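Scroll down for the structure; my scribbles are underneath it.
If you're wondering where the values come from, they're calculated on a predicted model, not measured in any experiment. Below, chain A is the first sequence line, B the second, and so on; all start at residue 1.
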Amino acid sequence: MIRTHQAGTLRPEHAGQQVTLAGWVARRRDHGGVVFIDLRDSSGSAQVVFREEDDAHGLRSEYCVKVVGEVRVRPEGNENPDIPTGGIEVVASEVEVLSEAAPLPFPIEGASGVSEEARLKYRYLDIRRQQLGDALRIRSKATYLVNEVMNERGFVYVETPNLTRSTPEGARDFLVPVRLQPGNWYALPQSPQLFKQLLMVAGLERYYQLTKCFRDEDLRADRQPEFTQIDIEMSFVDQDDVMELGEALIGRVWKETLGYELPSPLPRMTYADAMARFGSDKPDLRFGCELVDLTDYFKDTTFRVFQNEYVGAVVMPGGASQTRKELDGWQEWAKSRGARGLAYVLVQEDGFGGPVAKNLSEAETAGLRAATGAEVGDAIFFAAGARHASRELLGAARLEIGRRKQLIDESQWSFLWVVDAPMFEDDGEGGWTAVHHPFTGPKPEWSDNFQDHPGEALAYAYDMVCNGMEIGGGSIRIHRAEMQQRVFDVLGISKEEAESKFGFLLEAFKYGPPPHGGIAYGWDRICMLLAGGESIRDVIAFPKTASGFDPLTAAPTPITPAQRKEAGVDATPKA
RNA sequence: GGUCCUGUAGAGCAGUUUGGAGUGCUCGCCACCCUGUCAAGGUGGAGGUCGCGGGUUCAAGUCCCGUCAGGACCGCCA
């Protein structure tokens with residue numbers, strides 16, 4: 001090794017030792033006769049002192065240097081209690097510049113306000129900064145913990161292919177041309193879903209993998225075109241078994257990275273409750289402002305807007321003092337979400353304000369505060385219309401209220417399971433579509449008759465939710481051909497279609513498939529939560545921008561005509 | 001596909017409402033001074049395609065149109 005010690009590990013007990021350090025010039029304080037350099041390596045940093053004759057004036061930020069010197073306790077009064085190595089300094093006797101650094105595109109030390117574009121282009125410098133470096137270290141630590149827990153529990157780590165076949169359902173596939181078979185294409189997996197079920201047929205019983213998944217959809221703060229899942233599948237299990245494992249896994253990760261003890265067992269909420277109370281299938285329980293169902297309350301109303309399948313409300317504490325501009329802003333906000341607007345009343349000392357108030361009868365206004373729990377000074381937002389859409393609107397309004405009024409306690413963790421989601425939802429064209437995926441089983445009580453009531457049947461599925469974010473989701477799968485056929489029937493998938501899309505899975509299920517179920521956790525999102533990031537880009541070493549561009553490598557790039565020809569991009573597949 | 005925000009020196013910003021000389025701030029960079037700092041300090045200096053293209057105007061960073069890039073959201077993401 002070039003060095004004998006790591007800078008961040010030096011303490012007063014090292015005093016008197018001759019050490020060799022290697023790292024980067026973090027900060028320099030040049031006093032002419034004496035020069036201080038903070039030498040940083042992956043362990044932290046330590047102050048190195050040079051005297052005039054050492055000629056350290058030429059050292060610049062982020063030069064990579066080797067320093068030989070003696071550790072000593074700092075002179076009386078010069079200790080810095082704010083840093084771990086503040087009790088000592090290294091008196092340099094020798095310095096070697098291992099490599100120089102050009103002027104930096106942004107500071108490594110100090111100020112954090114740098115555009116993400118610049119940070120991505122010089123990602124290696126961004127990672128040199130403490131925040132991102134720490135985030136990647138937390139991610140690494142958490143990854144080891146996952147492997148530890150899964151190993152302890154007897155899971156078999158299996159790698160599944162990244163070059164596989166396109167399955168038409170779900171997200172858009174990334175496609176890869178195949179030179180050896182011009183005109184034929186691989187797809188990158190959206191998840192190893194079918195493979196892990198095959199591994200259950202294969203008798204492995206317990207499978208897991210930290211695996212990349214690929215989906216060619218528009219990006220968001222919590223979505224990248226390639227992302228990582230902890231993919232898990234288990235045989236001979238019930239829902240409770242998968243949930244127990246998940247709690248143990250996530251609990252261990254939170255405990256050993258953040259020292260936070262997960263409540264055990266985690267609270268469970270049904271999908272129906274979550275929608276009714278929070279207008280979301282992934283409720284953030286860190287604050288109140290629950291939705292109020294006023295459908296009954298307004299059942300005899302003369303106000304036509306409220307003569308609807310569903311009328312609900314959410315209260316904004318202190319919302320009555322909003323300016324006209326702010327209240328108009330809510331209308332714009334609602335319209336941007338595809339709603340007509342967001343009716344509201346303001347609860348004032350002398351009655352109700354706002355344009356909707358005059359449409360309500362005396363009897364309706366009289367009980368409104370009691371019905372909604374609103375206090376003087378609050379605003380009440382209403383949504384009326386189709387039940388599901390109205391609740392989603394109110395749920396989104398609730399989150400917006402939480403943000404604007406800073407009701408969310410960011411120091412809290414709110415974990416829960418959301419269970420009993422519907423199996424199917426209206427596809428808007430008179431048919432049904434799978435809420436989870438077509439291999440998700442019904443809850444046991446629906447196993448015989450889900451096909452007769454597709455709108456009501458509940459899936460044997462579960463989502464783990466943390467702070468209003470879905471961090472994992474799974475289900476108990478169908479393992480009987482007869483039941484799978486009934487699901488395909490509901491979804492309008494013909495035998496031929498099923499055969500062509502999932503034939504290999506159905507074939508496998510002829511050979512004694514065990515009952516099985518599993519779950520997949522969104523690893524980037526989990527690491528983002530652990531690292532306190534605002535975007536999964538904050539925990540990914542080399543992420544892409546919202547348009548799928550990588551500013552560092554400038555990928556994607558055009559291909560040459562020769563590459564195009566060789567790859568067989570334009571070839572017609574043989575019949 | 002849609003809505004909104006942003007783009008000014010290497011970084012972060014102000015200036016754009018009300019058009020008038022690239023006007024300014026903090027940091028960084030370069031030179032010099034400086035023997036106890038730790039966001040060191042001082043003096044001086046360099047550094048600009050105001051994202052790009054077009055238009056209006058005597059005059060555009062500023063107004064208009066288009067476009068590109070980044071970000072947030074809606075659609076989408078079984």
Exercise. Are any of A:Arg60's side-chain N or O atoms less than 4.0 Å away from OP1 or OP2 of B:C30?
Worked result: yes

Exercise. Would you say the base of B:U3 and the side-chain of A:Glu332 have a donor-acceptor pair closer than 3.5 Å?
Worked result: no

Seminar exercise, completed: The nucleotide from B:C76, B:G36, B:G71 with an atom nearest the side chain of A:Arg537 is B:G71

For this session: Assign A:Ser115 to base, sugar-phosphate, or nothing according to its heavy-atom contacts below 4.0 angstrom with the strands shown.
Result: sugar-phosphate

Problem set entry | Neighbours of RNA chain B within residues 538-549 of chain A, by heavy-atom distance under 4.0 Å | A:Thr545, A:Ala546, A:Ser547, A:Phe549

Exercise. More than 12 heavy atoms of other residues, nucleotides or ligands under 6.0 Å from CZ of A:Arg340: is that the case?
Worked result: no

Exercise. Within the structure, does a side-chain N or O atom of A:Arg29 lie under 4.0 Å from either OP1 or OP2 of B:A40?
Worked result: yes

Problem set entry | Partner nucleotide of B:G41 by Watson-Crick or wobble geometry (both distances under 3.5 Å) | B:C33

For this session: Select base, sugar-phosphate, or nothing to describe what A:Gln193 touches, counting heavy atoms under 4.0 Å on all strands.
Result: base

Exercise. What is the base-pairing partner of B:C76, counting Watson-Crick and G-U wobble geometry with both distances under 3.5 Å?
Worked result: none

Seminar exercise, completed: Heavy-atom nearest pair, A:His516 first then A:Phe509, reads CE1-CZ, 3.8 Å

For this session: Show your reasoning for whether salt bridge (charged side-chain N to carboxylate O under 4.0 Å, His left out) applies to A:Lys196 and A:Asp231.
Result: CA-CA 8 Å; A:Lys196 68 177 175 179; A:Asp231 197 45; 2.7 Å; yes

Seminar exercise, completed: Among B:C34, B:G12, B:G36, the one nearest any side-chain atom of A:Asp30 is B:C34

For this session: Just call it for A:Arg72: base, sugar-phosphate, or nothing, with non-hydrogen atoms closer than 4.0 Å on any strand.
Result: base

Seminar exercise, completed: The nucleotide from B:C74, B:G12, B:C38 with an atom nearest the side chain of A:Arg220 is B:C74

Exercise. Is it true that A:Lys66 and A:Glu94 make a salt bridge, defined as a side-chain N closer than 4.0 Å to a carboxylate O?
Worked result: no

Exercise. Which base sits across from B:G48 as a Watson-Crick or G-U pair, both distances under 3.5 Å?
Worked result: none

Exercise. Would the number of heavy atoms belonging to other residues, nucleotides or ligands and lying under 6.0 Å from NZ of A:Lys121 be above 12?
Worked result: no

For this session: With a 3.5 angstrom cut-off on both distances, give the Watson-Crick or G-U wobble partner of B:U56, or none if there isn't one.
Result: none

Exercise. Is there a Watson-Crick or G-U wobble partner for B:G7 with both distances under 3.5 Å, and if so, which one is it?
Worked result: B:C68

For this session: Quote, to the nearest angstrom, the C1' distance that separates B:G15 from B:U26.
Result: 15 Å

For this session: Sequence neighbours left out, what passes ring pair (Phe, Tyr, Trp, His ring centres under 6.0 Å) with A:His5? Give chain and number order.
Result: A:His14

Seminar exercise, completed: Closest to the side chain of A:Pro107, out of B:A11, B:U35, B:A72, is B:A11

Exercise. Using purine N1 to pyrimidine N3 plus N6-O4 or O6-N4 for Watson-Crick, or N1-O2 and O6-N3 for G-U wobble, both under 3.5 Å, which nucleotide pairs with B:C13?
Worked result: B:G24

For this session: Answer yes or no on whether A:Arg398 is positioned over the face of A:Phe287, meaning its NZ or CZ is under 6.0 Å from the six-membered ring centre and within 45° of the axis.
Result: yes

Problem set entry | Aro-ring/base stack A:His31-B:A40, d under 5.5 Å, angle under 30° | yes

Seminar exercise, completed: Considering only heavy side-chain atoms of A:Arg337, the closest of B:C29, B:G36, B:C73 is B:C73

Exercise. If we take the P atom in both B:G54 and B:G47, what is their distance in whole Å?
Worked result: 27 Å

Exercise. Within a radius of less than 6.0 Å around CD of A:Gln6, do more than 12 heavy atoms belonging to other residues, nucleotides or ligands occur?
Worked result: yes

Exercise. The side chain of A:Pro105 lies closest to which of these nucleotides: B:U37, B:G10, B:C74?
Worked result: B:G10

Problem set entry | First encountered from the 5' end of RNA chain B, between A:Val49 and A:Ser535 | A:Val49

For this session: Quote, to the nearest angstrom, the C1' distance that separates B:C64 from B:U56.
Result: 7 Å

For this session: Kindly point out which of B:G36, B:A69, B:C38 is positioned nearest to the side chain of A:Glu117?
Result: B:A69

For this session: Assign A:Val435 to base, sugar-phosphate, or nothing according to its heavy-atom contacts below 4.0 angstrom with the strands shown.
Result: sugar-phosphate

For this session: Name every residue in residues 75-93 of chain A that has at least one heavy atom under 4.0 Å from any atom of RNA chain B, in order of residue number, or write none if there are no such residues.
Result: A:Pro75, A:Asn78, A:Glu79, A:Asn80, A:Glu89

For this session: Could you work out the separation of B:C30 and B:C73 based on their P atoms and round it to a whole Å?
Result: 40 Å

Exercise. Among the nucleotides B:A11, B:C34, B:C29, which one has an atom lying closest to any side-chain atom of A:Ser61?
Worked result: B:C29

For this session: Indicate, with a heavy-atom threshold strictly under 4.0 Å, whether A:Leu104 touches base, sugar-phosphate, or nothing.
Result: sugar-phosphate

Exercise. Which whole number of Å gives the distance between the C1' atom of B:G12 and that of B:G55?
Worked result: 33 Å

Exercise. So, is A:Arg28 near the phosphate of B:C29, with a side-chain N or O under 4.0 Å from OP1 or OP2?
Worked result: yes

Exercise. Does NZ or CZ of A:Arg404 come closer than 6.0 Å to the centre of the six-membered ring of A:Trp330, within 45° of the ring's axis?
Worked result: yes

Exercise. Which part of the nucleic acid does A:Ala118 contact within heavy-atom distance under 4.0 Å: base, sugar-phosphate only, or nothing?
Worked result: nothing

Exercise. Rounded to the Å, how far apart are A:Glu62 CD and B:G28 P?
Worked result: 14 Å

Problem set entry | A:Asn162 versus A:Tyr186, side-chain donor and acceptor atoms under 3.5 Å | no

For this session: Would you tell me whether A:Gln190 and A:Asp173 have side-chain atoms, one donor and one acceptor, within less than 3.5 Å of each other?
Result: yes

For this session: May I ask you to check whether A:Arg477 and A:Ser475 show a side-chain donor-acceptor distance below 3.5 Å?
Result: yes

Problem set entry | Closest to side chain of A:Arg215, choosing from B:C76, B:A40, B:C77 | B:C77

Problem set entry | Closest listed nucleotide, where the reference is the side chain of A:Arg223 and the choices are B:G36, B:C34, B:C77 | B:C77

Exercise. Toward the 5' end of RNA chain B, which comes first, A:Asp38 or A:Phe106, by nearest nucleotide?
Worked result: A:Phe106

